[in-house]
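Here the structure is a predicted model, which is why all the values come from computation and not from measurement. We use all heavy atoms of the structure for the numbers below, so side chains are in, but hydrogens, waters and symmetry mates are not.
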Amino acid sequence: MRFKKCSMFRLVIMNQCTYLEIEQALRTHAVILSKPAWMWGAEMGANEHGVCIGNVAVTARQAASDSKLLLGMDLVRLGLERGTTAKDSVDVIVSLLEEHGQGGNHFEDESMALGFHSSFLIVDRAEAWVLETVGKFWAAEKITDGVKCLCNHLSLKTKIDMEHPELRSCAQSQGWWNEDKEFNFSEVFSEGGHGHDCPEKASEIPGEMMTAETIINILREKYSGVQSEAYITTASAVSVLPQNESSPCIHFFTGTPDPSRSVFKPFIFVEDVTVVPKAHSSTLRDESSDDGQTKWKHELYKSHEQALSLIEKDPEQGEKLMNTMHDLEKQGLEAMEDILNSAGSLDPAEVVDLFYDCVDTEIKFYK
């Protein structure tokens, strides 16, 4: 972050994102982020107002820009830092797209230079938005009930509640659509001109049975489509956003890869919440390391990595360890359920160290 002096004695604070420097907002909100260590942005996160955003990379007919602009992950963080509602965050993201554009390598290793477009799931206590982008063009659908999921391709169909003012004219100019046909966003902008549906395992579960524990179990299932043997999920999160404003929003983060062998730990926004250095990676790109990667690994990650090695070498002992950790996780889920069901107001002092203590306990068990 740096300052820039403008004409008429206006002092502007500049904010360095992953590749691009942009003007900082006058006010930003407290956030918790799950992010690749090397970049400024985040894959998913939440803010103090109960707004949550998740992001996936998508491909489309139009090639993604390789120019160093804003990444989709930068837009996740910016949307959380600047939005007090889900709709606010949608507006923040699309305005930044229009002003700065999106583009750049999604990998730290420059030899793997790949760019993508972005889809976002943006949620608060009252509503959710699916925002899908192709370059600076975008479409959004408001969701008020049911289940919605994102995957690595465009999924919005004909129900579009907001869109870029030049979206359809862009499609027409490319010969991808004409006004004689109903406008279907994913069909128009997807590679090959065919839209896809995302697997929605959670849609099979009755609403009254939809709990944080249920969603965590879905994230752990290999056959759910969320995980695969080929690609390990690098981190996972589940948020509970009560419609009752007097109840706190509760966010569960793993901070480690592979949810089937990770622990979901609760976090609640309160004043002076304890910082957790053991789950915070170094941001010093020039920090020396033997393998070129260790510099990014926080203490929780390294302890979890050692535990996974134990599981591979001694499955019986590893199973005992994971059973112990999942029992602790269950206790945490039950304690959070008690908080949500409590008639009284939450005492911040009771949860100010919550996430810190959970991380610390997990590391101790691994050792």
Side-chain angles (χ1 to χ4, degrees), residues 15-22 25 28 31-47 51-83 86-110 112-123 128-141 148-156 162-164 167 170 185-186 189-191 196 198 226 231 233-237 239:
N15 187 30
Q16 179 64 54
C17 302
T18 302
Y19 298 126
L20 195 66
E21 188 177 64
I22 68 171
T28 58
V31 299
I32 181 170
L33 305 171
S34 183
K35 61 187 291 295
W38 68 273
M39 68 171 57
W40 184 83
E43 296 281 6
M44 53 195 165
N47 73 17
V51 179
C52 302
I53 306 180
N55 158 263
V56 294
V58 296
T59 56
R61 275 179 163 177
Q62 177 179 313
S65 173
D66 59 3
S67 298
K68 292 185 174 182
L69 306 174
L70 290 175
L71 292 177
M73 287 70 79
D74 293 333
L75 292 166
V76 169
R77 180 167 180 169
L78 291 163
L80 290 170
E81 289 185 342
R82 302 182 182 196
K87 176 59 167 54
D88 278 350
S89 294
V90 171
D91 293 338
V92 166
I93 291 172
V94 299
S95 65
L96 289 168
L97 264 180
E98 184 67 28
E99 183 176 358
H100 302 288
Q102 65 174 321
N105 190 7
H106 280 224
F107 295 91
E108 179 190 7
D109 185 350
E110 293 183 0
M112 297 177 61
L114 281 174
F116 296 94
H117 306 290
S118 305
S119 289
F120 306 89
L121 184 59
I122 306 172
V123 189
W129 288 83
V130 174
L131 171 63
E132 297 194 330
T133 69
V134 178
K136 73 171 186 177
F137 299 102
W138 55 273
E141 178 186 358
K148 191 69 179 178
C149 100
L150 300 182
C151 44
N152 295 106
H153 48 69
L154 301 173
S155 62
L156 291 184
M162 294 172 57
E163 64 185 68
H164 188 284
L167 179 69
C170 170
F185 180 76
S186 61
F189 284 95
S190 293
E191 293 179 293
H196 302 274
C198 296
V226 177
Y231 299 99
T233 301
T234 54
S236 303
S239 291

For residues [X] and [Y], report the shortest heavy-atom separation together with the two atoms involved.
| X | Y | result |
| --- | --- | --- |
| Gly135 | Leu97 | O-CD2, 3.6 Å |
| Val123 | Ala128 | CG2-CB, 3.9 Å |
| Ser34 | Ala235 | OG-CB, 3.5 Å |
| Gln62 | His117 | O-NE2, 2.6 Å |
| Gln102 | Ser65 | O-CB, 3.7 Å |
| Val58 | Ser119 | CG1-OG, 3.4 Å |

Report yes or no: does [X] contribute a side-chain atom to a donor-acceptor pair with the main-chain N or O of [Y] at less than 3.5 Å?
| X | Y | value |
| --- | --- | --- |
| Tyr19 | Asn105 | yes |
| Ser186 | Leu156 | yes |
| Asn152 | Ala57 | yes |
| Ser89 | Leu80 | no |
| Ser67 | Leu69 | no |

Looking at side-chain heavy atoms only, is the closest gap between [X] and [Y] below 4.5 Å?
| X | Y | result |
| --- | --- | --- |
| Asp74 | Ile22 | no |
| Trp40 | Asn15 | yes |
| Leu71 | Met39 | yes |
| Asn55 | Leu75 | no |
| Pro36 | Glu43 | yes |
| Leu114 | His106 | no |
| Phe116 | Thr59 | yes |
| Met162 | Lys87 | yes |

Would you compute the distance between atom [atom1] of [X] and atom [atom2] of [Y] and round it to the nearest 0.5 angstrom?
| X | Y | atom1 | atom2 | result |
| --- | --- | --- | --- | --- |
| Glu141 | Lys148 | CD | NZ | 5.0 Å |
| Leu167 | Phe189 | CG | CZ | 4.5 Å |
| Lys136 | Glu99 | NZ | CD | 12.5 Å |
| Phe107 | Met112 | CZ | CE | 4.5 Å |

Candidate pair Val134 and Leu154, rule side-chain contact (heavy atoms from CB on, under 4.5 Å), full reasoning:
CA-CA 9 Å; Val134 178; Leu154 301 173; 4.0 Å; yes
Could you walk me through whether Met73 and Thr18 satisfy the side-chain contact (heavy atoms from CB on, under 4.5 Å) test, starting with their C-alpha distance in whole Å, then the side-chain angles of each, then the deciding distance to 0.1 Å, before giving a yes or no?
CA-CA 9 Å; Met73 287 70 79; Thr18 302; over 6 Å; no
Sole candidate of Leu78, Leu70, Thr133, Leu131 that passes side chain to side chain contact (heavy atoms under 4.5 Å, CB included) when paired with Ile93
Leu131
Candidate pair Ser155 and Glu132, rule side-chain contact (heavy atoms from CB on, under 4.5 Å), full reasoning
CA-CA 8 Å; Ser155 62; Glu132 297 194 330; 2.8 Å; yes
What orientation do Phe137 and His164 show, parallel under 30°, tilted 30 to 60°, or perpendicular over 60°?
perpendicular
